[in-house]
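Chain identifiers are assigned alphabetically (A, B, ...) following the order of the sequence lines, protein sequences preceding nucleic acid strands; residue numbering begins at 1 within each chain. In this text, all values refer to a predicted model and were calculated from it rather than measured experimentally.
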There are 2 protein chains.
Amino acid sequence: MNNGSTNPISAGLGAPAPLLGISFNSSKVACNNCRLRAHCMPASLSTHDLSSIHNLIGTRRRVMRGTALFHQGEKFASVYAIRSGFFKTCTASPEGREQITGFQMAGEMMGFDGIVNDKYACDAVALEDAEVCVMPLDGLVNLSRNMKVLQHHMHRIMSREIVREHGAMLMLGGTRARARLAAFLLNLVQRLHARGFSNSELILRMSREEIGNYLGLKLETVSRTFSMFGAASIVAVQKRHIHILNSAALQDIVNQTAFPRAGSGGSH
Amino acid sequence: MNNGSTNPISAGLGAPAPLLGISFNSSKVACNNCRLRAHCMPASLSTHDLSSIHNLIGTRRRVMRGTALFHQGEKFASVYAIRSGFFKTCTASPEGREQITGFQMAGEMMGFDGIVNDKYACDAVALEDAEVCVMPLDGLVNLSRNMKVLQHHMHRIMSREIVREHGAMLMLGGTRARARLAAFLLNLVQRLHARGFSNSELILRMSREEIGNYLGLKLETVSRTFSMFGAASIVAVQKRHIHILNSAALQDIVNQTAFPRAGSGGSH
DNA sequence: CGGGACGTTGACGGTCGTCAAAATTAGTGG
DNA sequence: CCACTAATTTTGACGACCGTCAACGTCCCG
């Protein structure tokens with residue numbers, strides 16, 4: 001399976017052509033050139049390891065806005081790293097209610113919830129045209145058997161997902177609308193900032209309804225709360241364009257607007 | 001606590017205490033005799049594999065009611081399988097609010113949230129005297145490198161935890177108090193039933209306040225809702241002893257009391 | 001220009017948080 | 001065994017917050 005050279009010669013039949021614009025089918029952007037590597041790959045990897053991983057990533061896949069990368073119940077096979085674009089993941093309860101469980105951006109991974117039952121446990125829908133790296137799980141698993149860093153990295157990613165959801169639960173249980181929306185904005189802008197974007201401006205990729213669904217609020221409440229932030233000059237809101245004017249005030253709202261004294265006392 | 005010896009010992013988690021009153025090492029119940037094996041181990045294992053795993057589980061550990069198995073922020077080392085007893089896991093937000101992220105019973109595992117940052121991300125507190133199997137992670141990891149079933153099993157467990165939290169989010173976002181409490185009871189009794197207990201009776205190991213915290217409700221609301229269920233003869237409630245009289249009605253409440261039309265197409 | 005998706009704003013009412021007090025139980029020491 | 005305190009649970013009254021219903025404005029696309 002070792003592929004020593006991925007040089008232009010082997011590509012003579014008109015495959016990769018890394019020189020020019022975008023090539024779809026052939027488009028294997030080498031992982032070691034990917035500027036998102038820090039987000040989805042282990043920190044330190046030998047070039048040899050890196051190319052092993054790179055070879056594993058069979059294809060990339062484009063996902064048009066509004067369409068699903070995978071569906072709840074679909075046979076599980078691969079996990080995905082987002083190269084570009086923005087996703088939501090949502091589950092449907094047996095009785096048909098739908099809950100958005102998270103929003104994912106470039107460098108983040110999706111699909112690990114499919115491992116338990118060999119079926120994806122949620123839909124992953126692109127909120128804007130997107131591109132993902134397809135990572136077949138058995139490939140990853142096999143590779144990780146001889147690559148300790150990779151094995152540990154997989155564990156870390158899943159563990160992180162667990163912790164992330166802890167955070168989401170923290171928000172949903174026992175805070176007011178203001179606090180939820182404030183925390184939501186701060187979280188988004190922080191993740192964007194970690195990817196080189198502004199730490200005060202962002203464009204929402206999702207509708208008010210989707211925000212509300214995620215935060216456990218109705219869309220009208222989301223809208224009203226945005227207006228409130230605007231009136232207080234904490235955030236400038238124009239449709240989906242958000243400008244955080246006073247991030248400290250937002251943080252205060254997160255801190256102060258939790259229901260008071262939820263959990264203290266108690267333990268003996 | 002009123003024993004002759006000084007208290008710090010029981011509270012201390014520091015050193016692996018060699019020969020105190022309780023001998024940690026001695027009690028090695030062979031995994032292949034453990035009637036909970038089906039819950040925490042892969043389905044099919046050769047006896048050889050099983051004994052490898054068994055050897056890995058260095059110790060068991062007793063946890064007294066009200067004390068913590070591990071604390072948020074503590075250095076991560078092991079995951080734990082519950083042999084007996086009942087736990088809650090709770091995280092504290094930076095601003096000090098506390099959120100219970102789950103209740104765990106015999107056969108379930110805890111600690112995987114510690115992998116990401118090499119620190120436990122939550123407290124695990126025993127709600128009744130308990131006993132756990134200590135499973136050092138690096139041992140598991142090394143073993144799994146040569147034991148494919150185990151490797152896959154670990155992935156499944158973490159994945160299941162992710163999915164479980166999806167479910168919790170589903171409940172916290174967009175349902176009413178009745179629905180949350182009904183779903184909570186049904187979930188508890190179902191898990192207990194899977195362990196050989198009644199499918200209609202249970203004893204709550206946690207206080208009204210803890211239930212409320214978990215469900216995003218105040219303790220008064222929890223109490224009132226219990227009373228409501230009682231008045232409707234759906235559940236007989238006596239303190240913490242719960243008898244489900246009409247499980248179908250409970251299920252109806254879960255289904256019907258979600259906020260209407262949260263996610264589907266809005267035609268009016 | 002017209003239709004549809006999305007967002008904003010207003011008015012009203014229900015659910016549940018808040019405050020308060022009483023009831024029941026558990027734990028402790030005499 | 002019984003008094004005493006602390007913890008937990010229950011119940012009531014009140015009101016804030018947010019869900020509900022409705023109308024309107026905006027933008028996009030055919």
Between [atom2] of [N] and [atom1] of [X], the distance in whole Å:
X       : N       : atom1 : atom2 : result
E220(B) : dG12(D) : CD    : C1'   : 11 Å
R208(A) : dT20(D) : CZ    : P     : 19 Å
N213(B) : dG17(C) : CG    : P     : 12 Å
K218(B) : dC17(D) : NZ    : C1'   : 14 Å
E209(A) : dG19(D) : CD    : P     : 13 Å
E210(A) : dG7(C)  : CD    : C1'   : 14 Å
L215(B) : dC16(C) : CG    : P     : 12 Å
M206(A) : dG7(C)  : CE    : P     : 11 Å

Next on the checklist: What's the separation between atom OG in S200(A) and atom CG in L245(A), rounded to the nearest 0.5 Å?
Outcome noted: 8.5 Å

What pairs with [X] under side-chain hydrogen bond (donor to acceptor under 3.5 Å, both in side chains), at least two apart in sequence or on another chain?
X       : value
R160(A) : none
S84(A)  : none
S227(B) : none

Next on the checklist: Heavy atoms within less than 4.0 Å of DNA chain C: which residues of residues 224-239 of chain A have one? Give them sorted by number.
Outcome noted: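 Heavy-atom contacts with DNA chain C come from R224(A), S227(A).
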
Checklist entry - F70(A): what forms a ring-ring contact (aromatic ring centres under 6.0 Å, His included) with it, not counting sequence neighbours? => result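 Counting only residues at least two positions away or on another chain, F70(A) forms a ring-ring contact (aromatic ring centres under 6.0 Å, His included) with Y80(A), Y120(A).
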
Next on the checklist: For Q72(A), give me all partners under side-chain contact (heavy atoms from CB on, under 4.5 Å), at least two apart in sequence or on another chain.
Outcome noted: T91(A), A92(A), D123(A)

